[in-house]
Amino acid sequence: MKKRLVLLMALSLTFAFPAAVMAEDTTAAEETADDTEAADSTAEDADVKSEGVMTHDEYLAAAVDDEVTIETYVQAKQSWWEDKATFYTQDKDGAYFIYNMPCSEEDYEKLVPGTKIKVTGYKAEWSGEIEVADVSSFEIEDGEYIAEPLDVTDLLGKDELIDHQNELVSFKGMTVEAAGQDADGNDVAYLYNYDGSGSEGDDLYFNVSLNGETYTFTVESYLCDKDSDVYKAVEALNIGDKIDMEGFLYWYEGVNPHITSATAAE
């Protein structure tokens, strides 16, 4: 009987040991897989720049009038005129507004949202808006990226908001306020041009509020013309409406978003 017990115990240890080793191997393999997946995810999240190209942090740190070389992705086209074009662009780390870049009409048609471009120009500032101007060269590169709008509603009125200048952003649950008055002295929800001097087809200016503070937003007519959905949506606004919006976080003497979408608040 004792021999049988000893034999059974020995057999139990024999089978248990490989099982323990297998469990350790499985755990190690899972940890390796997790580490690999995390590394792959980090690589996907990072915007790897080619030689001689600035990271977004390096671009921000550059002084105004410094020459800059960036790689970025077109998010929207504002305008093209006499072989010069203006773009809202962004990579995974931040945004770049490119102003009056020399560009043929043929190339302009190729620069659809998501297109990767390499641009050399000079960092410029205009009324608080940071941009790439006086572009000396650009080229189309392989790659594609479309940014998702970042909700910055809670950053309105805070210093951190400017960290997202020119990015595609969203605003939730804001209230339409009076933008000015019409010829009869009645409050109106929007103006054509900032002072009401324009007409349909010009930029639309409207005011929205949150937590007692009022902000001026714009539908830039070169970006979204009078036939666009957002232009018509803003023309249909009433004072007191609650709306959600998306657009580019443009800056002019303070935050002045260029809105591309306006809908009733969810």
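Both backbone and side-chain heavy atoms feed into the values below; hydrogens, waters and symmetry mates do not.
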To the nearest 0.5 Å, what is the distance between [atom1] ([X]) and [atom2] ([Y])?
X    : Y    : atom1 : atom2 : answer
D225 : D202 : CG    : CG    : 12.0 Å
D203 : K226 : CG    : NZ    : 14.5 Å
D65  : E125 : CG    : CD    : 10.0 Å
L168 : E246 : CG    : CD    : 6.0 Å
Y96  : M54  : OH    : CE    : 9.5 Å
T175 : L210 : OG1   : CG    : 7.5 Å

* **N-O pairing of D91 and K49 below 4.0 Å** => yes

Residue pair [X] / [Y], side-chain donor-acceptor N/O under 3.5 Å:
X    : Y    : result
D244 : T263 : no
T120 : T69  : yes
D57  : T55  : no
T216 : N207 : yes
E177 : S209 : yes

Close side-chain approach of [X] to [Y], heavy-atom, < 4.5 Å:
X    : Y    : value
H164 : L155 : yes
T86  : F97  : yes
V255 : Y215 : yes

* Around atom OH of Y122, are there more than 12 heavy atoms of other residues, nucleotides or ligands at under 6.0 Å? -> no

* **Identified side-chain hydrogen bond (donor to acceptor under 3.5 Å, both in side chains) partner of N166 from the options E129, Q90, E131** =>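 Running side-chain hydrogen bond (donor to acceptor under 3.5 Å, both in side chains) over E129, Q90, E131 with N166 returns exactly one hit, E129.
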
* Would you please classify the geometry between the Y252 ring and the W126 ring as parallel, tilted or perpendicular, with 30° and 60° separating the classes? =>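 Correct class here is tilted.
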
* Asked: Y59 vs H56 aromatic rings, parallel, tilted or perpendicular, using cut-offs 30° and 60°?
  -> tilted

* Chi angles and distances behind the side-chain hydrogen bond (donor to acceptor under 3.5 Å, both in side chains) call for S127, E253 -> CA-CA 5 Å; S127 297; E253 304 295 345; 3.2 Å; yes

Under a single-linkage definition using a 4.5 Å side-chain heavy-atom cutoff for Ile, Leu, Val, Met, Phe, Trp and Tyr, are [X] and [Y] assigned to the same hydrophobic cluster?
X    : Y    : answer
Y73  : I146 : no
L161 : V169 : yes
V230 : Y250 : no
L223 : Y108 : no
V188 : V208 : no

* To do: Validate the cation-pi geometry between K77 and Y88: distance from NZ or CZ to the six-membered ring centre under 6.0 Å, angle to the ring axis within 45°.
  =>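 Negative - K77 is either too far from the ring of Y88 or too far off its axis.
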
* To do: Report yes or no: is the cationic atom of K118 (NZ for Lys, CZ for Arg) closer than 6.0 Å to the six-membered ring centre of F138, at no more than 45° off its axis?
  =>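 Geometry flag: not set, cation outside 6.0 Å or 45°.
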
* Checking ring pair (Phe, Tyr, Trp, His ring centres under 6.0 Å) against F217, which of F248, F171, Y205 comes through? -> F171

* **Where S221 and G201 come nearest, the two heavy atoms and their spacing** =>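 In this case the closest contact between S221 and G201 is CB-O, 3.2 Å.
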
* **For G128 against Q165, the heavy-atom pair lying closest together** => O-NE2, 3.2 Å

* Centroid-centroid distance, F206 to Y190, less than 6.0 Å -> no

* Under the side-chain hydrogen bond (donor to acceptor under 3.5 Å, both in side chains) rule, what do S50 and E71 come out as? Steps first, then yes or no, please. => CA-CA 8 Å; S50 56; E71 284 174 335; 2.5 Å; yes

